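Report on the structure given below.
The structure displayed is predicted, hence computed values, not measured ones. No hydrogens, no waters, no symmetry mates; every other heavy atom, side chains included, goes into these values. Residue numbers begin at 1 in each chain, while the letters A, B, ... track the order of the sequences.
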Amino acid sequence: MIVRVVPDVPAIERAFDYAVPEGWERRITVGTMVRIPLAGRRVGGWIEAVDVEPTPGVRIEPLAKVSGAGPSDEVMDLCRWAAWRWAGRLATFLRLASPERMVPSVGRRVPTGDTAAPDRMGADARPPRQVLRVAPATSTDHVVLEACSHGDTLVVCPSIGQAAALARRLRAAGVPTALHPDDWGRAAAGGVTVVGARSAAFAPMPRLAGVVVLDEHDEALQSEGSPTWHAREVVLERARRARVPATLVSPCPTLEATSRSPLVVGDRAAERAGWATLHVIDRTEDDLGRSGLYSPRLVPFLRGDDPVVCVLNRKGRAQLLACRSCRELFRCERCSGPVHQPAAGVVECRRCGAERPVVCLSCGSTATALLRQGVTRAREELEALVGEPVEEARPDATPTTRVSIGTEAVLHRVRSAGTVVFLELDQELFAPRYRASEEALALLARASRVVGGRDGRVVVQTRAPEHEVIRAALLADPSIVAEAEAVRRELARFPPAVTMAIVGGEAAPAFMEAFGRPPGVEVTGGVEGTDWTLIADDRRTLLDALAATPRPPGRLRLQIDPVRIRG
DNA sequence: CGGACAAGCTGA
DNA sequence: CAGCTTGTCCGG
């Protein structure tokens with residue numbers, strides 16, 4: 001028997017034929033992971049097709065080894081789709097769809113021939129697809145449990161921590177649950193609900209009956225590198241192919257979600273109760289230069305017995321500093337770029353990374369004025385302000401003091417607090433990113449969850465108290481942001497109104513040369529080594545053109561609808 | 001990706 | 001023209 005194998009070498013986007021040694025046939029099926037001899041070395045690979053006609057005129061080598069079970073036929077097709085959808089390599093996605101440790105064989109609990117998902121919809125009806133808006137502090141377990149009651153459900157969470165916690169609760173509720181990727185083999189056997197972080201979008205689900213994405217708005221669902229694949233989109237495509245219902249859940253649904261699936265909003269009173277009480281400290285009248293990071297009106301919120309978490313999205317000690325005696329802005333001595341102060345005593349260039357001691361280049365003074373404080377300095381001031389120890393939240397540890405301060409990452413680490421303070425929300429509201437509003441609202445939602453809804457407090461210091469994000473959080477009405485955002489994205493031609501590709505890396509010039517100027521695709525950038533930006537109204541037009549372009553050798557960074565668009 | 005092989009560069 | 005570098009091609 002001859003099989004066709006996709007090598008586990010991303011740069012090789014071809015399949016090759018191999019002979020199956022006598023007696024190995026029953027261990028081989030589409031998706032099986034094997035080792036193959038290829039160009040004088042041994043590499044891994046996935047069986048793409050069995051019983052194929054061998055390509056005439058080539059010497060066929062035998063497989064070297066059967067390694068274990070791999071993605072099913074359907075998941076391999078899903079990987080092919082994902083490789084097109086995010087202009088990535090097939091092997092990249094097949095790796096995601098494969099177990100981390102080899103699974104020798106899958107003990108199917110589902111009889112063969114009965115692997116089709118239970119068709120709940122009838123032959124022609126489109127399976128329901130919805131976006132459920134659920135307030136941040138409201139449990140969504142009932143949504144998952146309802147889905148699980150109809151059969152094997154795929155549940156994707158933004159983090160593995162959330163997935164593990166949900167898996168425990170589901171098991172406690174009597175739902176057979178596999179945690180992806182650890183329980184890959186159990187998932188492949190069928191008869192379980194599968195819970196995991198974004199890679200679970202490719203989990204084996206032989207009897208998929210429905211999909212749920214929790215916190216659909218969370219950026220962690222999208223891969224930050226290249227390819228920029230998004231678990232929400234993979235799961236929706238999977239549900240479409242399997243003809244099963246899909247539910248996206250979020251306190252602040254994205255335009256990507258609501259532009260393709262109907263939004264379902266529950267009881268408004270219940271939704272309001274699930275958002276924290278928002279206190280806005282309007283700093284419009286405060287003196288810009290000298291009023292500091294802490295408004296006097298903030299002090300009452302910091303006192304008391306309840307835990308307080310302060311969020312300031314600036315690392316280090318200072319972001320921008322000037323000489324106190326000659327008023328000159330501190331700059332890099334090598335490239336004269338702006339410098340920041342990562343720790344006491346040193347400044348570092350943002351552009352070239354050069355470090356030097358804190359000495360003014362024009363007058364030699366070491367006295368500095370911190371124009372934009374970072375977390376380290378802000379912690380010192382906060383401690384003086386509250387008169388008790390304040391810990392800076394570190395990436396690995398949960399703070400032990402009542403009052404703590406950190407970047408937004410603290411909101412992922414702190415389990416609960418009575419009050420969350422955003423010291424400078426304007427940083428988020430006016431961030432030079434096209435998703436800034438959605439991201440800022442997501443931060444307020446996360447804070448609402450940390451403080452437990454209406455009984456907790458979220459305090460924001462801002463010079464834009466009328467900003468739509470603040471109004472939305474005050475009224476617990478995310479549609480205020482969504483509606484404004486939809487208009488802006490349409491006008492400014494940002495996703496999801498258009499499909500965008502960013503092309504960078506050393507191979508980008510050669511790639512763009514080969515890409516040409518296909519109709520329906522707007523091409524900008526590429527001057528002086530900058531990235532190219534490709535925009536198309538029709539997604540298929542852009543993705544087909546990208547897929548038809550041969551990849552030149554060298555590193556190529558191709559990002560489809562990335563979260564951040566770099567200049 | 002990584003090996004094979006071919007086409008260019010250098011030194012005597 | 002050997003001996004080496006750099007580039008292009010291709011793998012079953």
Side-chain angles (χ1 to χ4, degrees), chain A residues 1-73 76-77 79-102 199 202 223-229 501 503-516 526 529 546-560:
Chain A
M1 183 170 70
I2 305 297
V3 290
R4 188 152 293 152
V5 179
V6 178
D8 185 9
V9 183
I12 302 177
E13 293 222 84
R14 284 183 53 198
F16 299 90
D17 296 341
Y18 289 88
V20 178
E22 205 66 33
W24 291 19
E25 288 87 350
R26 49 170 205 86
R27 293 165 65 203
I28 298 253
T29 174
V30 170
T32 302
M33 298 178 75
V34 292
R35 291 198 68 80
I36 49 169
L38 184 71
R41 62 200 170 120
R42 268 192 187 193
V43 296
W46 294 269
I47 307 259
E48 181 188 58
V50 293
D51 255 327
V52 297
E53 272 307 308
T55 316
V58 288
R59 193 179 80 259
I60 306 252
E61 298 275 336
L63 297 174
K65 187 188 174 194
V66 175
S67 307
S72 67
D73 214 346
M76 284 192 85
D77 278 339
C79 289
R80 263 184 274 276
W81 171 83
W84 169 82
R85 174 65 179 74
W86 287 282
R89 259 77 183 259
L90 178 59
T92 311
F93 292 102
L94 290 176
R95 282 178 189 172
L96 281 169
S98 302
E100 285 183 340
R101 284 174 300 281
M102 284 301 170
S199 67
F202 294 98
S223 169
E224 57 290 315
S226 160
T228 54
W229 68 278
V503 185
E506 56 171 282
F511 181 85
M512 288 308 298
E513 180 69 30
F515 183 77
L546 287 171
T549 306
R551 288 204 181 210
R555 286 184 60 85
L556 183 70
R557 196 180 61 251
L558 244 170
Q559 299 175 297
I560 309 297

(message) I need the full list of salt bridge (Lys or Arg N to Asp or Glu O under 4.0 Å) pairs touching residues 39-49 of chain A, with sequence neighbours left out, sorted by first then second residue.
(response)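 Listed once each, the pairs are E48(A)-R80(A).
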
(message) Quick test of your reading: applying salt bridge (Lys or Arg N to Asp or Glu O under 4.0 Å), list the pairs with at least one residue in residues 24-36 of chain A, sequence neighbours left out, ordered by first then second residue.
(response) none

(request) Under the side-chain hydrogen bond (donor to acceptor under 3.5 Å, both in side chains) rule, collect the residues that match up with W84(A), sequence neighbours excluded. (result) D544(A)

(request) Kindly state each residue pair satisfying side-chain hydrogen bond (donor to acceptor under 3.5 Å, both in side chains) with at least one member in residues 85-94 of chain A, sequence neighbours excluded. (result) none

(request) Would you list the pairs meeting side-chain hydrogen bond (donor to acceptor under 3.5 Å, both in side chains) in which at least one residue belongs to residues 4-16 of chain A, sequence neighbours left out? (result)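 Matches after skipping sequence neighbours: R4(A)-D17(A), D8(A)-R95(A).
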
Between the protein and nucleotides 7-9 of chain C, are there any N/O to N/O pairs under 3.5 Å, and if so, what are the atom names and distances?
none

(message) Testing the basics here: between M102(A) and S67(A), what is the closest heavy-atom pair and its distance to 0.1 Å?
(response) CE-CB, 3.7 Å

(message) Test of understanding: with ring pair (Phe, Tyr, Trp, His ring centres under 6.0 Å), list the residues that count as partners of Y18(A), not counting sequence neighbours.
(response) none

(request) Report yes if a side-chain nitrogen or oxygen of R14(A) is closer than 4.0 Å to either non-bridging phosphate oxygen (OP1 or OP2) of dC10(C); otherwise report no. (result)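 Checking R14(A) against dC10(C): no side-chain N or O falls below 4.0 Å of OP1 or OP2.
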
Table of protein N/O atoms under 3.5 Å from nucleotides 1-6 of chain B N/O atoms:
residue, atom, partner, partner atom, Å
dC1(B), O2, R41(A), NH2, 2.6

(request) State which residues pass side chain to side chain contact (heavy atoms under 4.5 Å, CB included) with A501(A); sequence neighbours excluded, sorted by chain then number. (result)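 Scan of A501(A) (side chain to side chain contact (heavy atoms under 4.5 Å, CB included), adjacent residues dropped) gives L534(A), L542(A), L546(A), I560(A).
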
(request) Give the rounded distance in Å between these two atoms: CZ of F16(A) and P of dG12(C). (result)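 After rounding, the gap between these two atoms is 7 Å.
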
(message) So if I take residues 28-36 of chain A and measure heavy-atom distances to DNA chain C, which residues fall below 4.0 Å?
(response) none

(message) Under the rule for salt bridge (Lys or Arg N to Asp or Glu O under 4.0 Å), what residues qualify as partners of R59(A), not counting sequence neighbours?
(response)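 Listed in chain order: E61(A).
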
(message) The criterion is salt bridge (Lys or Arg N to Asp or Glu O under 4.0 Å); which residues satisfy it with E100(A), sequence neighbours excluded?
(response) none

